[in-house]
Amino acid sequence: MGRTKVSTLFANKHNNNNYMLPYSNTIRQTLVNRPNTHKDRFPFSLFELLRRLIHSRKVDGDSKTEEEEKVYSWLYTLAQSDKNLVFEYVRSTERGLSFTEADRRLRENGPNVPLEYSFPRWWHLLWNSLFHPFIIILIVLSVLSFITCDSPNGFIMLILVFISVTLRFYQEYSSSKAAMKLSEFVKCPIKVQRCAGRVVQKELVVQVDQRDVVPGDIVIFEPGDLFPGDIRLLSSKQLVVSQASLTGESWTTDKTAEIREDHSTPLLDLKNICFMGTNVVSGTGTGLVISTGSNTYMSTMFSKVGKKKPPDEFEKGLRRIFYLLISVILAVVTIMFVINYTTSLNLSQSVLFAISVASALNPQMLPLIINTCLAKGALAMAKDRCIVKSLTSIRHMGSMDILCIDKTGSLTMNHAIMVNHLDCRGLPQEKILRYAFLNSYFKSDQKYPLDDAILAFVYSNGFRFQPSKWRKIDEIPFDFIRRRVSVILETEGGHSQFFGRFLLTKGALLEVLRVCSFIENFDKDEISPFSSNDYQRILNLSEDLSNEGLRVIAVAIRKLEMPQICETSNGSKREEEDIERDMVFIGLITFFDPPKDSAKQALWRLSEKGVKAKVLTGDSLSLTTRVCREVGISTTHVITGPELEQLDQNTFHETVQRATVLARLTPIQKQRVVQSLQTIGNHVVGFLGDGVNDSLALDAANVSISVDSGVAIAKDMADIILLEKDLNVLVAGVEHGRLSFGNTMKYLKMSVIANLGSVISLLIATLLFKYEPLTSRQLLTQNFIYSVGQIALAWDKMDEEYVKTPHKSSERGLSMFMLWNAPVCTLCDVATLLFLWFYYKAYTDVTQKFFHSAWFIEGLLLQTLIIHLIRTEKIPFIQDVASWPVIFSTVVTSAIGIALPFTPIGKVMGFSLIPLSYFGFLVLLFLGYFTVGQVVKRLYILVYKKWL
């Protein structure tokens, strides 16, 4: 078999993987069938368009899917069966498949690739980018503008469409490329046993490509090999397997063929099953391929990648506004067209005016404002050493109220420190530390992090063990079969008890105990035979230490006679077996992966901002619990992955909402936890992970975060990449996200109520007067000046109270906000209308230019000042003042609006001079507007408990 990286995932081809089983088989219903695949369809039909705009698929986060249940049932069935019966299940023989049968199965099942996913073409992504509600409105209005010869307005709207669509396409195309990397397939040869011959069949070992492995093949594996499918072991010799690609745990797992499992064993703990994507660390063996392609356990994991996430409340709110605006536009524009055409009998003029009204009602700058706010947040996060790959993730980060963390490297320093050196009774003894130090000091084959931790502990605590008085004779290096390392040292000079030649051994507790025949009792200062009571006491002590989150290794010693070994470094296997025996157990060395100094502070700061932390990890519960206690995460409610598997649907959801620490989770369980929090708990969930095993949860989370040192797949799936493993960066990201979200909501709410109020006022004025309140050119100019001025909102600040809590866009929130506040704008416009009617008698054709000028200035100033009323819960200009870019934009926009009627351009546009008395009226009008608007604001906050 060839060797490849554990993190390598596999490509997909369309295939039908159906096992060749007897139809009378009683477990036939439990077998895995290829899930249905759906090719991307190009939405030509109107029905398809409406379906895509309205419907969204809800992601379930509770129980296993039907495909998963079949895979689980199939694997458990074969794990519980005798080896001879397994051959019958997959219709194979102890000699393996014949070449003819293997070819037939390959044609029937298709290539051995785990993913069933077809990636959309770039033109599909471009088509999808056009389906934003306001993009559709802008396209329609721009087309109508060109039809009515209003080219400038049409070009403006097309430019906005181009900017927004380009940004959306770039983001979706980047995400698609990241998902494609999950399908990269590395060809590697697999050793397969096949049989050949017509009369006398002979067993042959051949190498085939991994894609050509089929169910029923017998594979032969050795250290470094990757399993090409789900395997039922037939034979094994000291087999040690790494399942890090599935579990995230760095520890290895012992596997053996000589066992029959039962259904109570967690799936990934099955000793006689090896899974696709895992690899051999040490040992050898043979196995029967029982699942390939999309029927493997890995397939149930990564076939979920790229599935649709829960609907975004912000997008749902936009769609609700979209439907409301469409309704209002159709109604108002139709009425205005009829009235205008009835009075003017000019069809082209009436159509142009109706389009201008529709354009004024549409928040044209929305895509630009949203992307500007998000881009500004991305630049700010870049200064904090954060790379933002998806701009929308910044908005989600502002709404995030739960952050799920994979413990390793996120909360901890990801390197061990030594804690203590204990004898069999749990008491510290310097002699234990001395021998552990000498072992680490003199070993030369390979230095491990635990060796560095021991050396650092000795040097930093002032111990002086004088290694210069020892001489290295030989070394027996560490391997994954013995799981221990030994050095042979010698002293000269006859000083005290350390004279002579010694074998110093340290390693995994059980492996060291296996070669010990004696134990040193420090309380009695004697060496006694190793008893069963001693063995049990040491195991109990080790379990207690593990429950405290400590990692344990054992230390043993044996004094050698001079003739027992020659002074070479060859270390033959005979000498190793002869020497590592009858040793004296002296004690334990404990280690701990400490939490980062910044982790506790960062979690506290996140908690202050309303973001709760949950730990989702593949590590052991005891270790995770200790780390969580030290960084301030509550450990009152904890649970493990195997325990979650036993829960029914409702209990699962309740437990997930309540638990703060979830340990020993598989990648699929991490994904289910995230989806449960989203769909049942209605939370916006962020996930921080850096391993292959985190990719499913990263794909499911609203905000997926990885680190620069993470594996390639995790970084590809992430929306945000941290260049430093510091949670304080996330705190800054949350603040930027809430600032971006808040400024976006300011623009959205303000533009919708301003535009709606203005259009309703135009409708009233159109009904009262015999002429247009504003010509189409004047209306478009007013709308353009006002829209450009709104861009400064991206640089506005937010109230301190707003940034302290997460915010989500309610599906009905925008509609209710509009219904409460739009009438205030209309009230001001009506007051202006009445003042012009009764005070200036501006209701005849003679005063038409004066009315246009006065209405233009009032409308532009009102829409500009609305920004300051909407942007804060406080009293504008008194309790809170906007940022200088917004103030500057307000001054410039207002100055242009006031000055325009007095310029030559104003004359060309049909304006006339305005008396100073009118500006005095506007001062009183706007004071009244702010007063009434502030009252409505306080009532709205009293009812809905929020403003933006």
Side-chain angles (χ1 to χ4, degrees), residues 240 250-252 282 415-459 461 463 465 467 470-491 498 501-520 522 527 530 534-535 538-539 541-542 545-546 550-560 565 569 571 575-577 579-593:
V240 180
S250 57
W251 316 120
T252 56
S282 64
H415 68 79
I417 61 170
M418 182 179 156
V419 178
N420 218 328
H421 40 96
L422 309 173
D423 64 9
C424 62
R425 299 186 183 277
L427 300 175
Q429 302 292 341
E430 184 176 313
K431 185 176 181 180
I432 303 170
L433 179 61
R434 178 189 300 274
Y435 289 136
F437 167 79
L438 293 173
N439 179 287
S440 297
Y441 184 87
F442 282 103
K443 62 171 291 195
S444 58
D445 180 65
Q446 185 176 358
K447 292 289 186 183
Y448 288 95
L450 298 186
D451 295 309
D452 296 332
I454 293 173
L455 297 178
F457 183 87
V458 170
Y459 294 143
N461 287 277
F463 291 99
F465 294 138
W470 296 79
R471 183 166 64 95
K472 180 179 177 181
I473 304 300
D474 202 358
E475 176 177 345
I476 306 175
F478 177 88
D479 62 61
F480 283 97
I481 298 175
R482 293 166 41 255
R483 292 197 293 177
R484 57 182 181 264
V485 59
S486 298
V487 294
I488 301 172
L489 305 179
E490 184 178 270
T491 60
F498 301 119
R501 184 170 291 182
F502 295 88
L503 175 69
L504 308 182
T505 300
K506 77 175 191 299
L509 176 60
L510 293 179
E511 300 303 325
V512 172
L513 290 177
R514 190 172 296 168
V515 295
C516 288
S517 301
F518 304 93
I519 185 170
E520 182 160 353
F522 289 91
I527 296 176
F530 204 96
D534 294 326
Y535 184 84
I538 293 171
L539 290 184
L541 175 61
S542 174
L545 294 171
S546 297
L550 299 177
R551 184 178 176 183
V552 176
I553 66 172
V555 181
I557 187 173
R558 178 187 175 197
K559 190 168 184 178
L560 303 176
I565 185 169
S569 300
E575 289 174 339
E576 292 174 14
E577 294 174 350
I579 294 174
E580 286 185 330
R581 60 178 176 81
D582 297 331
M583 301 192 72
V584 180
F585 178 87
I586 59 173
L588 304 172
I589 304 291
T590 60
F591 302 88
F592 180 54
D593 185 4

Nearest heavy-atom contact between V512 and A556 is CG1-CB, 3.8 Å
S486 side, atom OG; M583 side, atom CE - distance, nearest 0.5 Å: 5.5 Å
Any donor-acceptor pair under 3.5 Å from S440 side chain to A436 backbone: yes
Donor-acceptor contact below 3.5 Å, side chain D534 vs main chain F530: no
A416 and L450: which non-hydrogen atoms are nearest, and at how many Å? CB-CD2, 3.8 Å
Please evaluate residues V240 and R483 with respect to the criterion side-chain contact (heavy atoms from CB on, under 4.5 Å), reporting the C-alpha separation (whole Å), side-chain torsions for both, the decisive distance (0.1 Å), and the verdict. CA-CA 11 Å; V240 180; R483 292 197 293 177; 5.9 Å; no
Those residues that, when tested against F585, pass ring pair (Phe, Tyr, Trp, His ring centres under 6.0 Å) (two or more places apart): none
Of the non-hydrogen atoms in L539 and L509, which two are nearest, and what is the gap between them? CD2-CD2, 4.2 Å
Pairwise distance CZ(F465) to OH(Y435) - rounded to 0.5 angstrom: 10.5 Å
Run the side-chain contact (heavy atoms from CB on, under 4.5 Å) test on I589 and F457 for me, step by step, so that the C-alpha distance in whole Å, both residues' side-chain angles and the decisive distance to 0.1 Å come before the verdict. CA-CA 11 Å; I589 304 291; F457 183 87; over 6 Å; no
Is the shortest heavy-atom distance from the side chain of I519 to the side chain of C424 under 4.5 Å? yes
Expected output: side-chain E475 to main-chain S444 donor-acceptor under 3.5 Å: yes
Distance check, rounded to the nearest 0.5 Å: T491 atom OG1 versus W470 atom CH2? 5.0 Å
Side-chain donor or acceptor of R484 paired with backbone N/O of E511 under 3.5 Å: yes
Would you please test K472 and L489 for side-chain contact (heavy atoms from CB on, under 4.5 Å) and show each step? CA-CA 5 Å; K472 180 179 177 181; L489 305 179; 4.0 Å; yes
With sequence neighbours excluded, tell me which residues meet salt bridge (charged side-chain N to carboxylate O under 4.0 Å, His left out) with D423. none
Less than 4.5 Å apart, any side-chain heavy atom of F518 and any of E520? no
Looking at every non-hydrogen atom in both residues, tell me the closest pair between V487 and N439 and how far apart they are. CG2-CA, 3.8 Å
Say you draw a straight line from OG of S542 to CZ of R551; how long is it, rounded to the nearest 0.5 Å? 11.5 Å
How long is the span from the CZ atom in F437 to the CG atom in L455, to the nearest 0.5 Å? 6.0 Å
For a side-chain contact (heavy atoms from CB on, under 4.5 Å) check, start with the C-alpha distance between F522 and I432, then their side-chain angles and the critical distance, and finish with the verdict. CA-CA 10 Å; F522 289 91; I432 303 170; 4.0 Å; yes
Working to the nearest 0.5 angstrom, can you tell me the gap between F463 CZ and H421 NE2? 4.5 Å
Heavy atoms of I538 and L513 approach each other most closely as CD1-CD2, 4.1 Å
For a quick test of reading the model, state the closest non-hydrogen atom pair linking P428 to N420 and the distance between them. CB-OD1, 3.6 Å
Whether the side chain of D474 engages the backbone of I488 through a donor-acceptor N/O pair (distance < 3.5 Å, no angle test) should be reported. no
Less than 4.0 Å between a side-chain N and a carboxylate O, is that true for K506 and D451? yes
Within the structure provided, determine whether I454 and F591 are in side-chain contact (heavy-atom separation under 4.5 Å). yes
